[in-house]
Amino acid sequence: MRQEQPIFTTRAHVFQIDPSTKKNWVPASKQAVTVSYFYDVTRSSYRIISVDGAKVIINSTITPNMTFTKTSQKFGQWADSRANTVFGLGFSSEQQLTKFAEKFQEVKEAARLARDKSQEKIETSSNHSQESGCETPSSTQASSVNGTDDEKASHASPADTHLKSENDKLKIALTQSAANVKKWETELQTLRESNARLTVALQESVASVEQWKKQFSICRDENDRLRSKIEQLEEQCGEINREKEKNSQLKSRIEELESELREKDMELKDLRKQSEIIPQLMSECEYVSEKLEAAERDNQNLEDKVRSLKTDIEESKYRQRHLKGELKSFLEVLDGKIDDLHDFRRGLSKLGTDN
């Protein structure tokens with residue numbers, strides 16, 4: 001952990017390209033996680049590392065050939081040929097994406113400079129090995145001072161020259177192989193250290209998971225308590241709504257009563273106005289009562305007159321009936337007399353005729 005240090009840290013949602021389709025994005029984290037740039041002092045290399053709980057979801061070594069591409073205002077991606085995948089990051093803002101892209105470009109340039117320096121070192125070491133290989137045959141020739149002229153001529157033949165060139169090539173390849181072995185040993189040691197760091201991070205993540213489990217249990221209990229409280233509040237809200245309905249009904253009833261009271265007030269005012277004219281009405285009523293009494297007296301007199309008239313009418317009716325009887329008897333007598341006169345007339349006519 002002392003050799004590899006974080007130089008930039010942010011938070012984002014991590015995605016990986018679907019290996020089967022190479023088109024769709026597969027979420028590597030359920031939520032936004034920490035994404036960091038790490039610098040390895042011993043290897044002069046840069047890596048992007050992200051851990052979600054106990055799972056390492058990004059472990060990408062940055063090379064000069066990599067390119068970070070912004071595909072939208074809040075999403076960017078880069079391809080890692082060593083991991084044979086494409087990583088995608090979704091940020092909460094465009095500023096975070098811009099900072100991450102700028103840091104990627106900066107780290108990429110630093111990785112390119114580190115690679116150029118390492119190549120210069122390798123070239124310098126190979127040149128030194130070639131110079132040491134060229135000096136070895138000359139020293140061998142110088143040591144053979146006791147040889148004859150024929151032996152010297154044989155050493156200068158084309159076959160010896162070819163062998164010397166092949167020997168030099170083998171020495172160069174051996175030197176490069178030794179350098180590569182050292183490089184691989186260094187990378188192996190770095191990988192072991194990285195694995196040790198990842199193991200420590202894994203243990204810390206496991207411990208944090210246990211802590212998160214405890215916090216989750218506490219939050220769940222708190223959630224249950226809040227849910228019960230919410231249910232109580234909902235019940236109280238229901239009661240409050242019922243009270244509101246009752247209050248609204250009472251308000252409407254009060255308004256109705258107020259309107260009735262206003263009507264009663266109007267009626268009372270009318271009655272008061274009418275009470276002001278009651279004395280006049282009383283005097284008028286007394287006057288009318290006096291007239292009524294006088295009318296009743298007149299009516300009584302008229303009734304007496306009517307009774308007397310009825311008595312007179314009955315007497316006159318009786319007299320009329322008596323006169324009718326007398327008249328009828330007179331008419332009967334008159335009819336008999338008339339018949340006698342007719343008989344007498346006929347007799348006289350008959351006598352006149354006889355005469």
Side-chain angles (χ1 to χ4, degrees), residues 6 8-18 20-21 23-36 49-58 70-77 86-101 201-278:
F8 181 80
T9 301
T10 186
R11 292 183 67 84
H13 290 271
V14 180
F15 299 86
Q16 288 187 7
I17 201 71
D18 191 354
S20 59
T21 61
K23 292 181 180 180
N24 300 325
W25 289 104
V26 179
S29 62
K30 296 181 180 179
Q31 57 186 358
V33 295
T34 302
V35 182
S36 302
I49 296 176
S50 179
V51 179
D52 185 10
K55 181 181 178 182
V56 179
I57 54 179
I58 299 178
K70 295 181 181 179
T71 57
S72 67
Q73 292 182 352
K74 298 181 181 180
F75 193 85
Q77 66 182 38
V86 179
F87 293 102
L89 296 179
F91 296 90
S92 61
S93 65
E94 187 178 359
Q95 295 178 354
Q96 292 181 353
L97 175 60
T98 302
K99 290 180 181 179
F100 188 88
L202 180 61
Q203 292 175 354
E204 293 177 354
S205 300
V206 170
S208 63
V209 166
E210 294 296 331
Q211 185 178 1
W212 280 111
K213 284 182 179 179
K214 292 179 182 178
Q215 292 182 358
F216 176 73
S217 178
I218 295 170
C219 290
R220 185 173 56 191
D221 296 337
E222 184 69 17
N223 190 16
D224 294 335
R225 187 179 65 79
L226 290 174
R227 188 177 289 118
S228 62
K229 191 172 182 180
I230 288 169
E231 291 176 354
Q232 294 176 359
L233 290 174
E234 287 178 352
E235 292 178 357
Q236 293 178 1
C237 288
E239 293 178 357
I240 290 170
N241 292 327
R242 289 191 291 270
E243 291 295 331
K244 285 182 179 179
E245 291 177 357
K246 290 181 180 179
N247 290 332
S248 62
Q249 293 176 357
L250 290 173
K251 285 181 180 179
S252 61
R253 181 60 182 165
I254 289 169
E255 290 175 356
E256 292 176 357
L257 292 174
E258 287 178 352
S259 63
E260 292 179 358
L261 184 61
R262 286 193 294 270
E263 291 177 357
K264 296 296 182 182
D265 290 336
M266 295 296 293
E267 291 178 358
L268 183 61
K269 289 179 180 179
D270 294 336
L271 290 174
R272 286 177 180 175
K273 289 179 180 179
Q274 291 177 3
S275 65
E276 293 176 356
I277 61 174
I278 284 175

Verdict with reasoning, I49 to I58, per side chain to side chain contact (heavy atoms under 4.5 Å, CB included): CA-CA 5 Å; I49 296 176; I58 299 178; 6.0 Å; no
Full working for side chain to side chain contact (heavy atoms under 4.5 Å, CB included) between E260 and L257: CA-CA 5 Å; E260 292 179 358; L257 292 174; 3.8 Å; yes
Check against side chain to side chain contact (heavy atoms under 4.5 Å, CB included), L89 and V35: CA-CA 9 Å; L89 296 179; V35 182; 4.2 Å; yes
Side chain to side chain contact (heavy atoms under 4.5 Å, CB included) evaluation trace for W25 with Q16: CA-CA 6 Å; W25 289 104; Q16 288 187 7; 5.6 Å; no
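A pairwise comparison of heavy atoms in T21 and N24 identifies OG1-N, 3.5 Å as the closest pair. Taking all atoms of both residues into account, the shortest heavy-atom contact from S29 to I57 is CB-CD1, 4.1 Å. Nearest approach of P27 to F15, heavy atoms of both residues: CA-CD2, 3.6 Å. Between K74 and E94, the shortest heavy-atom contact is CG-N, 4.2 Å.
Shown here is K99, whose NZ atom has no more than 12 heavy atoms of other residues, nucleotides or ligands within 6.0 Å. Shown here is Q95, whose CD atom has no more than 12 heavy atoms of other residues, nucleotides or ligands within 6.0 Å. Surrounding CD of Q73 are at most 12 heavy atoms belonging to other residues, nucleotides or ligands under 6.0 Å away.
By the 4.0 Å N-to-carboxylate-O rule, D224 lies close enough to R227 to be salt-bridged with it.
To the nearest 0.5 angstrom, R272 atom CZ is 4.0 Å from L268 atom CG. Taken from CD in Q31 to CG in D52, the straight-line distance is 6.5 Å, to the nearest 0.5 Å. Taken to the nearest 0.5 Å, the OG1 atom of T71 stands 8.0 Å off from the CG atom of L97. We find the CG-CZ distance between D265 and R262 to be 9.0 Å, quoted to the nearest 0.5 Å. Rounding to the nearest 0.5 angstrom, the gap separating the CZ atom in R11 from the CZ atom in F91 is 12.0 Å. Within the model, atoms CZ of R225 and CD1 of I230 stand 10.0 Å from one another, a figure rounded to the nearest 0.5 Å.
Checking side-chain atoms of Q96 against main-chain N and O of A12 turns up no donor-acceptor pair under 3.5 Å. S50 contributes a side-chain N or O that, together with a main-chain N or O of T34, makes up a donor-acceptor pair within less than 3.5 Å.
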Hey, can you pull the donor-acceptor pairs under 3.5 Å for the side chains in residues 244-252, sequence neighbours left out?
from : atom 1 : to   : atom 2 : distance (Å)
N247 : ND2    : E243 : O      : 3.1
S248 : OG     : K244 : O      : 3.3
S248 : OG     : E245 : O      : 2.4
S252 : OG     : S248 : O      : 3.4
S252 : OG     : Q249 : O      : 2.5

